[in-house]
Amino acid sequence: MDFSAVSYALETIDKLTQEVTSLWGVDEQVGGLASELRWMQSFLKVADARKVDHEVIRTTVVEIRELAYDAEDVIETFSIKVASKRKGGFSNCIKRSACFLKEGCLLHQIKSEIEKITARIKVLTRQLKTYDVSKLGVDGEGPSSSTERREARRPYPHVMDDNIVGLGKDIEKLVSVLVDEESECKVLSICGMGGLGKTTLAKKIYSQSQVVGHFKHLAWVYVSQNCQKRKVWEDILSDFNLLSEADKKMKVEKLAEKLSSFLEENKCLVVLDDIWNTESWDSLKPAFSARETRSKILLTSRNKEIVSHADSKGFLYELQYLNYKQSWELFQKIAFPPTNSPGYKIDAKMKELGEEMVKHCAGLPLAIIILGGILATKYPSLTEWLKVSANVKSYLNNDKGEVLRDVLALSYDDLPPYLRPCFLYLSHFPEDYEIPADRLIQLWVAEGIVSSKQEEGEEGQVAEDVAEGYLLELAERCMIQVRERDIATLKIRSFQMHDLMRDVCLSKAKQQKFLYIADQSNACQLSTIGRVRRVSAHKFIPLQCIKSPRLRSLLLFDELLPDEEQANIFPLTMQSYFENHDFDNPLYWFVAPLMLSVVFTKFRGIWKYMFNNFNFLRVLDYEGGGEAGCKLPNDIGKLIHLRFLRLRDLEFLSSKLPSSLGNLRCLQTLDLRIEGGCSNSIHVPNVLWRMQQLRHLYLPEECNRKTKLKLGTLRNLQTLVNFNTKNCYVKDLINMTNIRELEIRGPFNIEDCNTGELDKNPPIIHSKYLHSLSIINEEGIIDPRHLAHLLLSCENISKLRLDVEIRRLPEYHYLSSNLAYIKLRRCKLEEDPMPTLAELPYLSMLELHEEAFIGKEMFCSGQAFAKLESLSLKGLNFLEEWKVSEEGAMPCLRRLEIENCIQLKKLPDGLRFIATLQELKIESMPTTFKDKVEEGGEDFCKVRHVPSIIVDARFSSIL
């Protein structure tokens, strides 16, 4: 059930009643509304706890969500337009008296709307009270669909699947761990997305002669989402031929004790197939508590977390998707007749169609098996294969593809209530889109999907931390595919969804009316749907098609007005004239401004429609960038409910932003990285200080000289990008006690800095949460003493990026001992930085790029860089000699990259002693250097132990 909307509405009400000393005029209505919403919330929790899956409940959830959104809109409007103006002293009373009549009318309107919402909720409440939640899904529609899906998936270990491809190495690896008597690992887990073949792999292992011969007793138990510990324990004892009639009547504690003793005294293998969560393991654990035992447990699960929870020394095996070659091999086994059948021959066209269709399965074995099964029934009809090829996904989602849909839907069924809206939100993004984690988290928080009430946990934990945990949980449950992790913290930076998991997400989002995905084919339907809360447009649509005044979020992934749409604005005769005449023709200079005026009028109409009709927007996200008209209109100030505004890469003719931005007091994320048509520098009015709820601020890359921003009131700020001392005040940084990521772009100077005794200066930053610092200045130089003083304030940072001329690296004691990642670029260091950097105890990745160092010699001494795993040297044009000590320097180095260091003569001799080195990449280096590295060259003996050596994209596999 999705009760995030109800929870957020209640939170808004609670916040209002705490912040506003007087609810005069609406206190009774607000109290009644809150009471009704709490009843709704309780009803949803009971229904969810009982796993009710009933059409009445599904419809009710949508209705409750709509009512909660309406309630939140009204309450927040009261908070912004009325309650906030009641604060203050005598001067504020004087101002209010001037518009007392207007406030009275607004108060009457809000009161009336609250009463209407409350009445609608009461009607819904009366309807729901006629249903007995405990019976819904049992007497109503039989067993829940989730239960039926689980039963349909029950495996039998003796039933083997002949259609197996690509599991040979998996079987070999897991069998070796299982039969290893020396290993302290007692629990092994095969993890992966539904349909990957976890149970199939477990069956193959279970039947291996090496496993059967090694273990005295074997048991296979299907656990599933509905874990019943007594039944599981009895099934294990039954497989061991130990279950008696007396055991069936025995107390559950005695049963666990009997099984535990047997596992301790005998060498047994227990397979727990399809275990879903740590709670299930905890319930089963009493029977597996024996410490000194040669028995082992093999789990299959969609949740990676279970194995480490069950056994700190447990073995996690993540099953991978099939590559294309394996996918095609599996497909052929099913879709085509056996190769030994009479007259066997594969039609060339059918082979071509099959090779293309199998790509839609994206390496998921179950999808390939189902698609192959569908096509096998239509073989050898080329016409039928062409029909399937025309729309593969619809066939995978029809009745024959129901098994696949059900398998993947089980992952959604198992999600706890707080994760379901998080998962559904992923449906906003286009197919194969790599989703940036920080942006998604900001969207979750802005929409209230992750509530600020959850910030009340550990000290320093904010909603974004909770959201990161939710994202990690989705990854642990194999519902998303991590593409990139943060170098220092290993947090998820970007991810994708498997196409078929995305189809489940889209299906559930549509079923629950969570959002509307618009394109040109269905945009016209939007005009007939009045109650759309979220719209995601993957391609251009005319925004005038959206007729929902209560729209909450709008994500646009295409340009605001693409070139082809601009071309459609003009008459063909005007287009023809413009294309066929050059600058010398006088009429050209009459037609060109006229066309430009028409385009700008069109843009102005789009913006005006949006700002005047979508007054309840909380999220406005432009992904496509591109031309956006003459300027950002003042009317943007009407969107007072906005939490998330992203204008990145939009191009305006005027470089001046409107001062009405200051009205957006609820903003949490603001991205102003726009581009100006007439000037690269943007003017930002000094109004951002009003946005005291801001958590993430991205300023333009270059602001003009008139811009001077006061940011000292932004105490909730966590991310600040493109800060500099030309357009901002350095003294404001000390008030940002929650800042986590700071990027300085442009000049950074500290006024009245005591450069002689840096310790005597007051700290610049007072946030113990700052973990990332970047300084970028393409034109100027930063005083190394100012840099040292800044670094002295950043004692907890784990990432440092310096892309600025500094000439001298600050001494070691100015650098945070927590640094795990350092990138230096264009620093023009005259002294070897290695002796200073080598002392950092946790440094795992170091990049020295493009004149970071302009000296001739570099030396890594013995015991240096104890934790360094990756080293990248690029564009060090003056480096001639690099030495590495033979006495234990860089003992953990795994990856070394050398590129465009044109004066470097040879590889250091010390590399031969770095046994951990896995990859050496040499690019854009002189031929003489490359010849030395390749097999037969004089430097090859230094790196012959490295498994992967890449020289200018020519791959050499040495082992």
Side-chain angles (χ1 to χ4, degrees), residues 5-6 8-9 12-13 26 29 33 37 62-82 102 105-121 124 428 443 446-449 509-510 512-519 522-537 541-556 560 603-622 632-646 660 663-667:
V6 183
Y8 202 64
T12 303
I13 293 170
V26 293
Q29 286 77 14
L33 179 59
L37 284 171
V62 174
E63 288 295 323
I64 292 174
R65 190 174 63 224
E66 291 298 319
L67 290 167
Y69 286 154
D70 286 346
E72 185 191 346
D73 290 342
V74 173
I75 295 296
E76 190 167 90
T77 300
F78 174 83
S79 176
I80 295 169
K81 291 188 175 181
V82 180
K102 183 179 178 181
C105 292
L106 186 61
L107 190 63
H108 176 76
Q109 181 185 344
I110 289 170
K111 184 176 179 179
S112 174
E113 286 188 37
I114 293 175
E115 287 173 346
K116 287 178 183 175
I117 294 168
T118 307
R120 284 164 58 199
I121 293 176
L124 191 57
H428 279 84
L443 287 166
E447 291 243 35
I449 286 172
K510 183 178 180 182
Q512 298 187 24
K513 298 180 181 177
F514 188 81
L515 88 159
Y516 191 94
I517 295 178
D519 54 38
N522 64 11
C524 58
Q525 297 174 21
L526 270 170
S527 59
T528 62
I529 305 172
R531 231 172 40 165
V532 175
R533 297 289 184 170
R534 298 184 178 95
V535 171
S536 177
I541 61 163
L543 292 181
Q544 288 84 346
C545 290
I546 306 173
K547 303 296 183 185
S548 176
R550 296 278 181 175
L551 190 69
R552 290 174 68 88
S553 75
L554 180 60
L555 277 70
L556 303 174
L560 197 62
F603 275 118
R604 190 162 56 246
I606 294 171
W607 289 113
K608 186 175 180 181
Y609 181 83
M610 192 187 309
F611 297 154
N612 288 324
N613 290 278
F614 305 149
N615 294 135
F616 292 97
L617 266 183
R618 277 160 170 73
V619 167
L620 185 54
D621 187 355
Y622 293 96
L632 185 66
N634 278 314
D635 285 348
I636 194 170
K638 293 180 180 180
L639 304 183
I640 58 173
H641 297 275
L642 265 185
R643 262 88 167 161
F644 183 103
L645 176 61
R646 185 171 181 263
S660 61
N663 295 342
L664 310 181
R665 308 280 180 97
C666 293
L667 268 180

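The first residue of the sequence shown is numbered 1, and numbering continues consecutively from there.
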Check for a donor-acceptor pair, side chain of [X] on one end and backbone N or O of [Y] on the other, with a separation under 3.5 Å.
X	Y	result
Asp519	Asn522	yes
Arg550	Phe616	no
Arg646	Tyr622	yes
Arg65	Gln512	yes
Asp635	Tyr609	no

Once rounded to the nearest 0.5 Å, what's the spacing between atom [atom1] of [X] and atom [atom2] of [Y]?
X	Y	atom1	atom2	answer
Leu556	Met610	CG	CE	6.5 Å
Leu639	Asn615	CG	CG	6.5 Å
Ile517	Ile541	CD1	CD1	11.5 Å

I'd like to check Asp73 versus Arg552 (side-chain heavy atoms, cut-off strictly below 4.5 Å). Are they in contact?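 SC-SC contact between Asp73 and Arg552 confirmed.
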Determine whether His641 and Cys666 make a side-chain contact, defined as any pair of heavy atoms from C-beta on separated by less than 4.5 Å. no
Nearest heavy atoms of Ser660 and Pro633, plus distance in Å: OG-O, 4.5 Å
Any luck finding a side-chain donor-acceptor pair between Lys638 and Asn612 under 3.5 Å? yes
